[in-house]
Amino acid sequence: MPSSFRKGAPVMEGLFFTGDSIVEAMNIDKIAPASGEVLLQMKASGVCGSDLKNFKASKSEKPKLSELKVPGHEPVGVVVELGTNVGDLSIGDRVMMHHYTGCLKCSMCLIGYTQMCLVAHEVYGSTAHGGHQEYMCVPAYTCIPIPEGLDFVSAAACSCGTGTAFHAVKRLNPTGLDTVAIFGQGPVGLSATMFAAQLGARVIAVDISSYRLNLAKKLGASEVIDSSSHNAEQVIRELTSGEGAECTLDATGIPEVRIQAVDSAKYWGKVCFVGEGNTTTFDVSAQIIHKQLTILGSWTFSQAGLSEVANFVIQRQSPMDKLITHTFQLKEAQKAYDTFISGETGKVILTMN
């Protein structure tokens, strides 16, 4: 039983990854908000690829049950209770959560990048209880208003994966004159395809899943490449008069694919790395310096950046209904994760009544 459970305390249901790809529901405390905090009634919580290492870990790798944290780092909900010293939120407000805390004083926190806090930070859904629960107690400053017209499931997508893609594409800054090759068409890559196409770029989507390549077409890709049967770099060059793409983006984190993203960029091109993990070795002179490439790393977004992507989605009518292919109730979380790891999905969201 998680350590937060106390006999006689008000309880609610939360989910836990208990090992070997198992999701279990358990009763945990429904905590009252402290000073500077609010209690959210959860409405949606996204399923993200970065959850999967924790989801798949064996029981032998897990800490004791009392130390497990509720996963889910794309939480959205409605404010139902205010702690003291909360002046900028009201009961009934619909909010997304920027799922990090920081010291609020260092240079990174002051620009809204609490995940890059120079002192210490917490990550909700990892080091602190996340959104896969019925209620969630959070610092008021992490709550970002959901703009009118944006539904809860779309807001959850924006709260990490889709928002991460938006800001990666923004850093590449493509125009309608540019070709953008996007490697990996999971939820982040698909979101990047959607946004780059909306900005007018010609998008080449690369993946090994026919399901996700077809979905990329629906989201605006001009061409798609099945890299399980074709040399992606060669096809990209054929499609760009032999020169390569002005911009490339890797959403896989796979070393070989990162190299393809670099090699598929034209002279003076830009490459953005979004997919996490692994080590990749480059011939820096031949592959980067002599091509005059700009190499970018893009990691999530600021608090203001979460608001920015949500407003873009509303104002530009981004086709979130095509991106979000599956929704499941909280009690169906096992099915949600099993479906997601099949690879036959776009974005997957858990919803709460």
Side-chain angles (χ1 to χ4, degrees), residues 49 161 164-299 343 346:
T164 293
F166 176 86
H167 286 282
V169 171
K170 183 180 177 183
R171 293 200 68 186
L172 286 171
N173 194 27
T175 73
L177 299 175
D178 294 332
T179 294
V180 181
I182 299 175
F183 292 79
Q185 295 296 306
V188 172
L190 287 167
S191 298
T193 291
M194 175 179 73
F195 290 131
Q198 284 195 292
L199 292 172
R202 174 199 189 191
V203 179
I204 302 172
V206 184
D207 204 281
I208 60 173
S209 164
S210 59
Y211 177 95
R212 286 179 165 170
L213 290 174
N214 287 330
L215 191 50
K217 289 180 183 178
K218 296 177 182 178
L219 290 167
S222 299
E223 288 93 10
V224 298
I225 301 171
D226 182 344
S227 56
S228 68
S229 57
H230 295 84
N231 181 309
E233 179 193 351
Q234 180 180 336
V235 177
I236 290 167
R237 292 196 177 279
E238 290 171 356
L239 292 169
T240 55
S241 303
E243 292 195 36
E246 281 81 7
C247 304
T248 66
L249 183 150
D250 171 65
T252 72
I254 299 169
E256 296 81 0
V257 181
R258 286 179 176 148
I259 290 170
Q260 290 174 14
V262 168
D263 291 344
S264 298
K266 70 184 298 183
Y267 286 179
W268 300 99
K270 290 180 282 188
V271 180
C272 186
F273 293 135
V274 181
E276 299 233 30
N278 299 309
T279 298
T280 309
T281 301
F282 298 102
D283 183 335
V284 174
S285 290
Q287 291 178 282
I288 299 173
I289 294 175
H290 295 173
K291 290 179 68 177
Q292 305 272 18
L293 295 184
T294 297
I295 305 293
L296 301 165
S298 189
W299 182 41

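Here the side chains of V262 and F273 are in contact, with some heavy-atom distance below 4.5 Å. Considering only heavy atoms from C-beta on, K170 stays 4.5 Å or farther from F195 through its side chain. In this structure, V169 and P174 have side chains that are in contact, with non-hydrogen atoms separated by less than 4.5 Å.
With hydrogens and angles disregarded, no donor-acceptor distance shorter than 3.5 Å links the side chain of E233 to the backbone of S264. A distance-only check finds a donor-acceptor pair linking the side chain of R171 to the backbone of G297 [under 3.5 Å]. Judged purely by atom type and a 3.5 angstrom limit, N214 has no side-chain atom pairing as donor or acceptor with the backbone of K217. For S241 (side chain) and E243 (main-chain N/O), no donor-acceptor pair under 3.5 Å exists by modelled atom type.
In plain terms, the two heavy atoms of A205 and T193 that are nearest each other are CB-OG1, 4.3 Å. Smallest separation of non-hydrogen atoms from S227 and A232: CB-CB, 4.5 Å. The shortest heavy-atom contact between A245 and I236 is N-CG2, 4.1 Å. The heavy-atom pair separating V203 from A196 by the smallest distance is CG2-CB, 3.7 Å. Closest approach of T252 and F183 over heavy atoms only: CG2-O, 3.5 Å. When every heavy atom of A165 is checked against every heavy atom of V188, the shortest pair comes out as CB-O, 3.3 Å.
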Discussion item. Before you tell me yes or no, could you show the steps for W268 and Q292 under side chain to side chain contact (heavy atoms under 4.5 Å, CB included), namely the whole-Å CA-CA distance, both residues' side-chain angles and the distance that decides it to 0.1 Å?
Written reply: CA-CA 5 Å; W268 300 99; Q292 305 272 18; 3.5 Å; yes
Discussion item. Could you go through K270 and E246, starting from their C-alpha distance and side-chain angles, then the distance that decides it, and tell me whether this counts as salt bridge (charged side-chain N to carboxylate O under 4.0 Å, His left out)?
Written reply: CA-CA 6 Å; K270 290 180 282 188; E246 281 81 7; over 6 Å; no
Practice prompt. Output, in order, the C-alpha distance, side-chain angles, deciding distance and verdict of side chain to side chain contact (heavy atoms under 4.5 Å, CB included) for T240 and R202.
Written response: CA-CA 11 Å; T240 55; R202 174 199 189 191; 4.1 Å; yes
Item to complete: Verify side chain to side chain contact (heavy atoms under 4.5 Å, CB included) between L215 and L190, making sure each step is shown before the conclusion.
Response: CA-CA 8 Å; L215 191 50; L190 287 167; 3.6 Å; yes
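In summary, the side chains of T280 and R258 do present a donor paired with an acceptor at a separation below 3.5 Å, with no hydrogens or angles considered. Checking S209 against Q185 by side-chain atom types alone, no donor-acceptor pair falls below 3.5 Å.
Considering CD1 of I208 and CD1 of I225, their distance stands at 14.0 Å, rounded to 0.5 Å. Between the NZ atom of K291 and the OG atom of S285 there is a distance of 13.5 Å, given to the nearest 0.5 Å. Taking CZ of F166 as the reference point, atom CG of L199 lies at 7.5 Å (rounded to 0.5 Å). If you take CG on D178 and CG on L172, they are separated by 9.5 Å, rounding to the nearest 0.5 Å. Here the straight-line distance linking atom CG of D263 with atom CZ of R237 works out to 7.5 Å at 0.5 Å rounding. Taking CD of E223 as the start and CD of E238 as the end, the distance is 11.5 Å to the nearest 0.5 Å.
Atom CD1 of I259 is surrounded by more than 12 heavy atoms from other residues, nucleotides or ligands within 6.0 Å.
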